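Throughout, protein chains are lettered first and strands after them, A, B, ... in sequence-line order, and every chain is numbered starting at 1. Small disclaimer: the values here were computed from a predicted structure and weren't measured. Computed from heavy atoms alone, side chains included, the values below leave out hydrogens, waters and symmetry copies.
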Amino acid sequence: MAALGLLRKHTPTLLRDGVRTSRTASAILTAPARWTSSSSSVNADEISHFNALASTWWDAHGSSRILHLMNPLRHDFIRSCRASSPVSSTSETKLRYLDVGCGGGIFAESAARLLDTSTVTAIDPSPMILAVAKRHAQKDPTLMSTQKLTYLNASIETLPIPTSPIEQFDIVSLFEVIEHVDQPAAFLDRCGAFVKPGGWLVMSTIARTWTSWFTTNLVAEDILGVVPKGTHDWRKYINEDELRGHFRGKSEWGAPRVVGVVYVPGLGWKEVSGSEKIGNYFFGVQRIA
Amino acid sequence: MDGLIRSRTAAAYVCRSCTRRSQRRLQRDYSSAAPRPDTYDVVCVGGGPAGLSLLTALRANPVTSHLRIALVEAQDLSKTKSWKLPPNKFSNRCSSLTPSSALFLDKIGAWHHLERSRVQGYQEMQVWDGVSGARIEFDWAADSSPAAGTTIAYMTENLNLTSGLLKRLAELGQVSVFDNAKVEKISYGEETEALDLSQWPVVHLAGGKQLHARLLVGADGANSPVRSFAGIEAQGWDYGRHGVVATLEMEGEGWGGDQAKIAYQRFLPTGPVAMLPLPGNYSTLVWSTTPENAALLKSLSAKDFLATVNAAFRLSPTDLEFMHTQGSGQTDEYAWRMEHTPVDHQAIPQTAIGVQEGTIASFPLKMRHADTYIGERVALIGDAAHTIHPLAGQGLNQGQGDVQSLSKTIEYAVTHGQDIGVRMSLEPYLSERYAANHLLLGVCDKIHKLYSVGSGPLVPLRSLGLNAVNAMGPLKTFIMNQAAGNGIKVF
């Protein structure tokens, strides 16, 4: 049993790189590019590490396999969040997604394929990884023809804050991102501004425990090598009670939903109650106002 | 192939100017009106029971019904769909459908499209060793009958099944059917600036039609061209045996009457011979024997053929062996030898009194198992994945099990936004079916080999085995449940 950390990246924005802009994308997403490396909350040291991973991002049988295997659980978690609340962000059935730190687009592509998805806006500050994401989307003619998926070379700080619910999103996702961010509190507040009332801010990350240090840094990176070395900085891991604390007492957010997941070799990812305290977990919180 | 593409594209991402250049190309390509390739989510090659069941399952399920589907079949499917025989004529190609297969066909809405008057359930099995006489009687003890009912299996003409599936598929609609179609080749698609179809299989039909497949399903039989295209090897061996089939008219509707039909199987040193009930006074014969014996059987007159078939369930292996040395005259030989052979008539099939014209045929028996069922954008089902000895009547049911598993795998992929063609999406299908099929293939293979021995130490040992099984009620119930597909799907 191993709680393996996953690779995601967040690097300073260098250049806006959006080409395919969905017809239905809101005005904020077509705003002019800006140089914003000074305002980014992400850590510059990780650039070269993640750039080197770009070409293997979509190799589901290589170093990214565990990440690929986790992706279906993200959808299950989002569904369980939405099913848990009688309040919904939309009277319509189709959802608008904002995927922050989309990396190679594993989640973004899958969200765009769902029939109840209206649009997916996926942002990442690294042009190199975003190029991988865009090229990979071209392997699926349906993704290209439905034009639901829009990649933007941006960080959340460079996207203008929406001014009306129409510009906001039903789901804002931060999968395996927050552990790579320098100022998580400010980052979460910024992301929260993009969530439509009734919508959900969902994320997944790793608890900062001796177990996660052992499994993600020592075993996964150093001993087994199933996760590329240098992917994780254990000191930046965030515990679920710290995340709970961040949202506690903020009137616009409901009670968080937390699900711990454990990677079992041979069986894949499994939900394990209580494991959020020691390893990987999903965290979802609904914007109620 | 994969590695080549990867390194080539990876190189293009190294410098930003390259990326920008590719963006310009992208925009240009959008503005030009290049013809879009004809893409399908699923292209199924092969319109037999497995392929048709898969497409019906996908179309009948609201989660997968939006998928764009194409069917490619060499034969004329309109003939199959309108297939009809008079009530007293039966096709010689029949299969045994377990209740779980029937349940699945019902779930996808196909079962009631079969001509039910031509489907015959059976409730009892009689299996015995032709050399030692050891016997297992498979019938349901009063307290052990499963909740699902007491039917062990349903004998169905393959054409009745495919015809019913085609009717259901027509009712569901929205499948692009290419029948009378010859597959000229299967290649990979092209990589352009706007689209990268270099990992998409393309089925080229005679006449120039090209079908791009997100997922290419090989339901194209034991010599599957799809399997060859995917570079998947199949391991196995030929048994040096042929299966002789025929539609027979019996002296009555069976010892148990219409409501308690019985299947019979006798293990002879040359292979098992089975008499399986059809509606009314009819039965279907499946006789595994040597190619020489099969050739002889096919050359006999109807009378001599019937005498040899009746002998196969009654006379000793030595008597039978002699009858196979005669070019003709089996009728008299059988009558004379029966005078000296005591027979418990109720324990064997009723006498066959007629054979329907043109129904005697034979085919070589083999065991094959593909090394894997999946590749990138490829899945194999049914005989393309595995060919089994017919002695347990499991061939078609294994295919139905594949279809259930693959359609469930595709459903999961769709609900989780996965590309249904990529290997990772298909992995659950492989892990669910491969070991189960492998075990069943192995068990049937071993049974064949065990009972193909005429004398020596194995014979008393195996009769001990059969007798012991007969005495042990719970074990027998377990085996019957396996035959009926009520239990876990391994033997």
Side-chain angles (χ1 to χ4, degrees), chain A residues 14-15 17-20 51-62 64-65 68-69 71-76 78-79 97 106-117 120 126-145 147 149 153 266-268, chain B residues 2-3 5-16 18-20 22-27 29-30 36-41 62-68 189 191-200 212 214 376-377 412-425 427-428 431:
Chain A
L14 300 172
L15 170 78
D17 191 28
V19 177
R20 268 181 306 116
N51 281 351
L53 295 180
S55 65
T56 62
W57 204 282
W58 278 99
D59 182 3
H61 305 278
S64 307
R65 180 172 172 81
H68 283 264
L69 287 173
N71 198 52
L73 276 77
R74 296 166 169 171
H75 292 290
D76 290 337
I78 291 170
R79 279 183 198 133
Y97 288 79
I106 295 172
F107 175 75
E109 274 197 13
S110 64
R113 278 194 198 93
L114 296 178
L115 296 180
D116 64 356
T117 294
V120 177
S126 159
M128 197 178 283
I129 283 196
L130 215 59
V132 170
K134 287 178 181 174
R135 188 61 189 153
H136 191 273
Q138 293 183 328
K139 291 172 183 288
D140 188 338
T142 311
L143 278 181
M144 301 302 288
S145 63
Q147 299 189 13
L149 176 60
N153 188 193
L267 291 175
Chain B
D2 203 67
I5 291 159
R6 206 175 301 286
S7 59
R8 183 151 34 95
T9 48
Y13 298 135
V14 168
C15 76
R16 211 179 302 143
C18 297
T19 313
R20 279 203 295 269
S22 86
Q23 285 161 11
R24 276 202 303 276
R25 285 202 305 260
L26 188 82
Q27 286 163 331
D29 208 85
Y30 268 180
R36 198 168 165 266
D38 202 5
T39 58
Y40 291 87
D41 292 310
V63 174
T64 50
S65 60
H66 67 284
L67 296 175
R68 211 169 124 77
E191 184 178 3
T192 66
E193 282 122 15
L195 273 186
D196 177 5
L197 298 178
S198 58
Q199 286 163 347
W200 280 50
H212 286 64
R214 181 187 295 279
E376 190 71 9
R377 304 201 177 279
Y412 183 88
V414 167
T415 55
H416 292 80
Q418 291 170 295
D419 183 331
I420 64 167
V422 299
R423 184 191 289 264
M424 171 159 277
S425 302
E427 278 173 0
S431 60

Inset, instruction - Drop me the distance from A:D76's CG to B:T415's OG1, to the nearest 0.5 angstrom. - result: 7.5 Å
Legend entry - For B:D419, all residues meeting side-chain hydrogen bond (donor to acceptor under 3.5 Å, both in side chains), sequence neighbours excluded: B:R214, B:R377
Legend entry - For the student: nearest non-hydrogen atoms of A:P141 and B:L195, plus distance: CA-CD2, 3.7 Å
Inset, instruction - Among A:P72, A:A112, A:A111, A:G268, single out the residue with the greatest number of heavy-atom pairs under 4.5 Å to chain B. - result: A:P72
Inset, instruction - Kindly say whether A:K139 contributes a backbone atom to a donor-acceptor pair with the side chain of B:W200 at under 3.5 angstrom? - result: yes
Legend entry - Cationic N near anionic O, under 4.0 Å, A:K134 to B:E193: no
Legend entry - Residue part contacting chain A, namely of B:V414, when any heavy atom lies under 4.5 Å: backbone
Inset, instruction - Rounded to the nearest 0.5 Å, what's the gap from CZ on A:R65 to CE on B:M424? Could you check? - result: 4.0 Å
Legend entry - Spacing of B:H416 atom NE2 and A:N71 atom CG [to the nearest 0.5 Å]: 9.5 Å
Inset, instruction - Could you grab the distance from atom NE2 of B:H66 to atom OG1 of A:T142, nearest 0.5 Å is fine? - result: 8.5 Å
Inset, instruction - Can you sort out the partners of A:H68 under side-chain hydrogen bond (donor to acceptor under 3.5 Å, both in side chains), two or more places apart, ordered by chain and number? - result: none
